[in-house]
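Structure first, commentary second.
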Amino acid sequence: MKVLRGLVTRVPAAEPEEAVARLSARFRFETDCADVASDLSNGVTGFVVVDARSPEKYAAGHVPGALNLPTRTITAESTSTLDREQMYITYCDGPHCNGSTKSALRLAELGFRVKEMLGGFHFWTLDGHPVEFATESA
């Protein structure tokens with residue numbers, strides 16, 4: 001039987017050992033909305049969710065308990081009271097936005113352990129997770 005090569009199969013898949021190394025490494029840098037929501041609802045500690053969006057967007061709806069720390073405000077001074085023993089999970093509007101990446105990078109440059117929440121607030125709401133509202137940033 002002849003194998004017809006197409007766009008997907010033109011480049012062979014990695015060997016299983018390579019795939020395990022590469023794919024498992026991704027979990028050191030990112031998490032998803034379902035895992036964050038599950039841990040929050042189960043009272044899991046050890047991480048802080050960071051909303052990297054503007055105070056206005058934060059007030060209009062955010063992940064419950066999230067700290068509003070807009071990307072452009074992340075400095076050594078603005079993070080001086082944050083607990084360096086915690087892991088910080090950043091998010092922004094969604095896949096069309098790189099605010100969570102910028103925030104994660106800035107926090108990492110300041111010595112914090114970070115991960116990004118894939119899909120951001122857009123996927124959070126699409127998945128039907130609870131939303132908290134505020135009149136001012138936390």
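These numbers come from a predicted model, not from an experiment.
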Is there a donor-acceptor pair under 3.5 Å between the side chain of [X] and the backbone N or O of [Y]?
X: Asp93; Y: His122; value: no
X: Ser103; Y: Ser100; value: no
X: Asp127; Y: His129; value: no
X: Asn42; Y: Val44; value: no
X: Glu30; Y: Met117; value: no

If you look at every heavy atom in [X] and [Y], which pair is closest and at what distance?
X: Ala60; Y: Phe133; value: O-CE2, 2.9 Å
X: Trp124; Y: Pro130; value: NE1-O, 2.7 Å
X: Arg28; Y: Lys115; value: O-CG, 3.7 Å
X: Asp35; Y: Asp32; value: N-OD1, 2.8 Å

*Taking a hydrophobic cluster as the set of Ile, Leu, Val, Met, Phe, Trp and Tyr residues connected by side-chain heavy atoms closer than 4.5 Å, whether directly or through intermediates, do Leu110 and Val50 fall within one such cluster?*
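Yes; tracing contacts between hydrophobic side chains, which count when under 4.5 Å, links both residues.
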
*Report yes or no: do Phe123 and Val131 belong to one cluster of Ile/Leu/Val/Met/Phe/Trp/Tyr joined by side chain heavy-atom distances under 4.5 Å?*
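Not linked; separate clusters.
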
*Option from Thr90, Val48, Leu82 for which side chain to side chain contact (heavy atoms under 4.5 Å, CB included) with Phe112 holds*: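 Option passing the side chain to side chain contact (heavy atoms under 4.5 Å, CB included) with Phe112: Leu82.
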
*Please say which of Ile74, Thr73, Leu69 ends up in a side chain to side chain contact (heavy atoms under 4.5 Å, CB included) with Arg106.*
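Between Arg106 and the candidates, side chain to side chain contact (heavy atoms under 4.5 Å, CB included) is satisfied uniquely by Ile74.
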
Rounded distance [0.5 Å steps], [atom1] in [X] versus [atom2] in [Y]:
X: Phe121; Y: Leu126; atom1: CZ; atom2: CG; answer: 10.5 Å
X: Cys33; Y: Ile89; atom1: SG; atom2: CD1; answer: 11.5 Å
X: Gln86; Y: Leu67; atom1: CD; atom2: CG; answer: 11.5 Å
X: Glu18; Y: Leu23; atom1: CD; atom2: CG; answer: 11.0 Å

_The test is side-chain contact (heavy atoms from CB on, under 4.5 Å); show your working for Tyr91 and Asp51 and say whether it passes._
CA-CA 5 Å; Tyr91 74 89; Asp51 186 318; 2.6 Å; yes

*Determine whether more than 12 heavy atoms belonging to other residues, nucleotides or ligands lie under 6.0 Å from atom CZ of Arg84.*
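Correct, the count exceeds 12.
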
*asked:* With side-chain contact (heavy atoms from CB on, under 4.5 Å) as the criterion, how do Val36 and Leu40 come out once you've worked through the C-alpha distance, each side chain's angles and the decisive distance to 0.1 Å?
replied: CA-CA 6 Å; Val36 172; Leu40 289 174; 3.8 Å; yes

*Should Pro70 and Tyr58 count as side-chain neighbours, where that means a heavy-atom distance under 4.5 Å?*
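The answer is no, as the side chains (C-beta and beyond) never meet within the 4.5 Å cut-off.
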
*Kindly write out the residues that satisfy side-chain hydrogen bond (donor to acceptor under 3.5 Å, both in side chains) with Glu132, not counting sequence neighbours, or none if the list is empty.*
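Glu132: side-chain hydrogen bond (donor to acceptor under 3.5 Å, both in side chains) contacts with His62.
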
*Should the pair Arg113 and Tyr88 be classed as cation-pi, given the thresholds of under 6.0 Å to the six-membered ring centre and 45° from the axis?*
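Not flagged: Arg113 not positioned over aromatic ring of Tyr88.
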
